Amino acid sequence: MDRTPVDPPLRPEALRFDERGLVPVVTQDAHTAQVLMLAYANREAVAKTLETGEAHYYSRSRGELWRKGATSGHVQRVVEVRVDCDADALLYRVVQTGAACHTGARSCFYRALTARAEPGIGEMMATLEDVVAARLAELPEGSYVTKLHARGLGYVAQKVVEEAGESVVAALTEARGELAGEAADLLFHLTVLLHESGSSLHDVAAVLAARHGAPHKGQG
């Protein structure tokens, strides 16, 4: 059972800044829980973040306040700001536009000191979403997504039905080695269908989050 205490929101004045007037900020994708970056904020940066709803930080190297994406366009819309138990570190939960890292990677944490673990489902779904969105925006020649787009929404919908059927067949025939592959094809085509219909996996995640927080039927 989760025994995490539920306390009322902390007032910004209660934050404990270090001797430089800073607190570390871990920034996390609100949809996938992927850790995107680590930065620092002073009192002004925290105030600007709360006021504007966009992530602001303090650059230790430049000695100035900065808004994420001010020059790159890769802004971070802040969904929630959380405080750790000692009130001396923050967690920004954000909707990330583009890449969080200055290298162009979605996350700054793209290298490992240990043997690389299998990517988490959230990380892979975020990558899938980004790839499909980019392909549909650019429509590069030779891309499979471009070919799907050219065939139209009805064809994409038909492909989703086809891949769903193949996934069911693999499950019922106990072809477990094939099921994962068929399910991957289904998720890919479903993601394309969502985008072609003006939606996204983010919208699906929002519905799932709302359902997760809602009481089950038959319960108070």
Side-chain angles (χ1 to χ4, degrees), residues 1-127 129-130 202 205-206 208-215:
M1 178 182 297
D2 184 3
R3 299 186 181 277
T4 302
V6 179
D7 293 333
L10 194 70
R11 295 181 62 82
E13 298 80 36
L15 291 176
R16 299 172 57 190
F17 295 86
D18 66 14
E19 65 280 359
R20 300 166 298 175
L22 303 175
V23 290
V25 182
V26 176
T27 306
Q28 178 188 50
D29 189 301
H31 294 299
T32 67
Q34 181 184 24
V35 175
L36 300 175
M37 54 183 281
L38 170 68
Y40 289 82
N42 61 3
R43 197 174 294 278
E44 182 184 4
V46 175
K48 281 288 187 181
T49 298
L50 297 176
E51 175 188 342
T52 65
E54 292 188 343
H56 285 70
Y57 304 95
Y58 181 82
S59 171
R60 295 174 298 167
S61 60
R62 300 192 304 270
E64 63 183 16
L65 184 77
W66 61 285
R67 178 177 65 87
K68 177 64 177 176
T71 56
S72 67
H74 297 166
V75 298
Q76 294 172 343
R77 179 170 63 83
V78 178
V79 174
E80 183 183 28
V81 178
R82 295 188 181 183
V83 187
D84 83 332
C85 56
D86 294 321
D88 59 2
L90 296 176
L91 174 70
Y92 286 180
R93 298 183 62 245
V94 307
V95 175
Q96 174 71 50
T97 298
C101 183
H102 73 281
T103 64
R106 181 168 183 81
S107 168
C108 292
F109 296 93
Y110 59 87
R111 296 176 292 184
L113 290 179
T114 56
R116 183 166 178 81
E118 293 184 5
I121 183 171
E123 180 181 350
M124 289 312 303
M125 295 307 290
T127 299
E129 177 96 307
D130 289 345
H202 290 318
L208 291 173
R211 290 179 179 177
H212 178 72

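Here the structure is a predicted model, which is why all the values come from computation and not from measurement.
- The closest donor-acceptor contact from the side chain of Lys48 to the backbone of Trp66 lies at 3.5 Å or more, if one exists at all.
- Contact record, Ala14 with Ala87: O-CB, 3.9 Å, taken as the closest heavy-atom pair.
- Residue-environment remark: CZ (Arg77) stays at or below the threshold of 12 foreign heavy atoms within 6.0 Å.
- Under the 3.5 Å distance criterion, the side-chain polar atoms of Thr49 are left unmatched by any main-chain donor or acceptor of Ala55.
- To the nearest 0.5 Å, atoms CG (Leu208) and CZ (Arg211) are separated by 6.5 Å.
- Of the listed residues (Arg93, Arg67, Gln96), just one forms a side-chain hydrogen bond (donor to acceptor under 3.5 Å, both in side chains) with Gln76, and that residue is Gln96.
- In this structure, the side chain of Asp86 does not engage the main chain of Asp88 through any donor-acceptor pair within 3.5 Å.
- Distance check, rounded to the nearest 0.5 Å: CD of Gln34 to CE of Met125 gives 13.0 Å.
- Closest approach of Ala99 and Ala105 over heavy atoms only: CB-O, 3.2 Å.
- Atom CZ of Arg11 has 12 or fewer neighbouring heavy atoms from other residues, nucleotides or ligands inside a 6.0 Å radius.
- Closest heavy-atom contact between Pro12 and Leu50: CG-CD1, 3.7 Å.
- Taking the centre and axis of the six-membered ring of Tyr58, the NZ or CZ atom of Arg20 falls outside the cone set by 45° and 6.0 Å.
- Side-chain contact between Leu38 and Pro24: present, with at least one pair of heavy atoms (C-beta onward) separated by less than 4.5 Å.
- Side-chain atoms of Ser107 come within 3.5 Å of backbone atoms of Val35 as a donor-acceptor pair (strictly under, hydrogens ignored).
- The shortest side-chain heavy-atom distance between Arg106 and Leu36 falls under the 4.5 Å cut-off.
- Between Ala41 and Tyr92, the shortest heavy-atom distance links the atoms CB-OH, 4.1 Å.
- Closest non-hydrogen pair, Phe17 versus Asn42, comes out as CE2-C, 3.6 Å.
- Side-chain contact between Leu91 and Asp84 is absent, with no heavy atoms from C-beta onward closer than 4.5 Å.
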